[in-house]
Amino acid sequence: MLTTPEFTSVEGAYLALLQLTTEDAEHRIAARGNDAREVIGVGFRLSDPRQRLPYLAERKANPVFQFAEALWYLAGRRDLEMMGYYAPSMRASSADGIHLGGSAYGHTLFSPAIGAEQPPFDQVVELLLTETDSKRGYLPVFAAKELADRDNPDVACLAGLHLLPRDGELHMVCNMRANDLDCGLLSDVFSFTMIQEYAAIQLGLRLGTYTHFIGSAHVNDRDSERVKRVLDEADSRTTVPSFAFPEMPEDTTAATIAHVLEHEEALRTNQLRYNADHIRNLGLHPYWQQVVMLFELHRQIQHDQTSAVDPELLAALAPGPRWLMERKWPVCAAAADGGAR
Ligand code: 5HM
């Protein structure tokens with residue numbers, strides 16, 4: 001078969017790739033101190049790129065981090081302050097303790113390069129608005145200069161994103177030089193499909209398919225126990241949890257992203273606290289209200305020394321993010337057990 005295998009949601013692709021590296025790894029690698037099992041040159045397609053979250057209790061996907069990273073990309077940022085809060089392990093990737101480098105994909109895509117007038121993303125959107133069936137909507141991310149410093153701690157894993165408007169839909173193809181299948185893949189697919197959906201809105205198109213190609217697809221040995229537990233769960237479950245991820249509102253612009261991030265910052269720095277009604281009255285679309293609710297729950301987990309988060313706020317979450325929060329954070333499970341379920 002010359003085309004990529006197709007899955008509806010990221011969960012199916014994630015499980016198939018874990019299975020592949022567990023049973024049919026081609027190589028054992030040890031680059032930069034990471035012992036891993038590797039398969040070279042794999043790809044998959046998602047027919048519904050909105051189904052960008054896995055519902056596996058053993059994997060414990062973190063929707064707070066996922067939205068934070070996607071918004072950080074869409075806002076064109078590279079500050080460690082925001083991402084280091086949600087993912088402290090990312091601090092080790094910063095060369096100066098202030099910025100992230102190659103992995104700040106949004107900075108590469110949504111901020112103008114030095115000497116350029118427009119961000120590459122805007123340039124591509126402008127092109128695609130005028131050139132029917134264009135093949136030129138490519139957004140390179142990896143840059144050869146990243147390899148000039150052999151000690152560079154953060155070389156982009158994303159080579160580039162290719163936007164392809166066809167028959168009223170926006171398809172996207174993602175090329176990665178490397179993907180950590182257990183850790184990086186899920187957050188990458190989440191964020192990149194958010195970028196695709198955001199691009200589709202800017203172009204007035206429906207969301208098409210998402211295709212993901214990987215040069216080095218690998219699972220680090222330190223994650224192999226969890227991978228086994230995830231595969232066992234997938235094999236043994238009798239019901240498969242399934243929650244439809246909602247559509248990004250059609251009026252989403254850069255100003256919407258900035259508005260959501262204002263609330264994110266106030267909550268991250270513990271300057272505000274919200275209940276569900278406050279959030280409903282912020283003037284945000286219900287889709288973005290859900291995201292602010294996740295940030296407020298996370299604020300309670302990080303900053304309040306409570307044994308359970310606000311059960312009303314947890315109950316105000318849509319079933320999908322609530323399912324994930326209850327598996328990820330014991331304080332959310334405790335609040336759910338306290339009667340809000
Ligand atoms: O030594 P190297 O630069 O290839 O290590 C980067 C590791 O982070 C690889 O395992 C890569 O697959 C993973 N990674 C990922 O999967 C990193 C980033 C950040 O650029 C990412 N996805 N987005």
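Excluded from the calculations below are hydrogen atoms, water molecules and symmetry mates; all remaining heavy atoms, backbone and side chain alike, are included. Whatever order the structure lists them in is the order used to number ligands and atoms, beginning at 1. This one's a predicted model, so the numbers in the text were calculated from it and none came from an experiment.
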Practice prompt. List every atom of ligand 1 that sits less than 4.0 Å from any heavy atom of Ala178, numbering the atoms from 1 in the order shown and giving each element.
Written response: 12 (O)

Worksheet item: In the single-linkage hydrophobic clustering (I, L, V, M, F, W, Y; side-chain heavy atoms under 4.5 Å), do Ile214 and Phe142 co-cluster?
Response: no

Fill in: Ser103, any N or O under 3.5 Å of ligand 1 N or O
no

Fill in: Closest to atom 4 (O) of ligand 1 among Arg32, Met176, Glu38, Arg177 (heavy-atom distance)
Arg177

Worksheet entry | Passing option when His212 is tested against Asn175, Asn179, Thr193 for side chain to side chain donor-acceptor pair (under 3.5 Å) | Asn179

Fill in: Heavy-atom closest pair, residues Glu326 and Ala333
O-CB, 3.4 Å

Discussion item. Checking side chain to side chain donor-acceptor pair (under 3.5 Å) between Arg52 and each of Glu197, Glu11, Gln196, which is the one that passes?
Written reply: Glu197

Practice prompt. For atom 12 (O) of ligand 1, find the nearest protein heavy atom and state the residue, atom name and distance (0.1 Å precision).
Written response: Asp180 N, 2.9 Å

Worksheet item: Hey, which of Glu264, Gln66, Glu69 is the one that makes side chain to side chain contact (heavy atoms under 4.5 Å, CB included) with Tyr86?
Response: Glu264

Worksheet item: Is any side-chain N of the basic residue among Arg28 and Asp35 closer than 4.0 Å to the acidic one's carboxylate O?
Response: no

Worksheet item: What's the shortest distance from atom 18 (C) of ligand 1 to any protein heavy atom, and which residue and atom give it?
Response: Cys157 SG, 3.4 Å

Practice prompt. Heavy-atom distances under 4.0 Å are what count here, so tell me which part of Asp188 touches ligand 1: side chain, backbone, both or neither.
Written response: side chain

Worksheet item: Between His218 and ligand 1, does any nitrogen or oxygen pair lie at a separation below 3.5 Å?
Response: yes

Worksheet entry | For atom 20 (O) of ligand 1, the protein heavy atom that lies nearest, with its residue and separation | Tyr105 OH, 2.6 Å

Worksheet item: Would you say the side chains of Thr8 and Gln51 form a donor-acceptor pair under 3.5 Å?
Response: no

Worksheet item: Any N or O on Asn220 sitting closer than 3.5 Å to an N or O of ligand 1?
Response: no

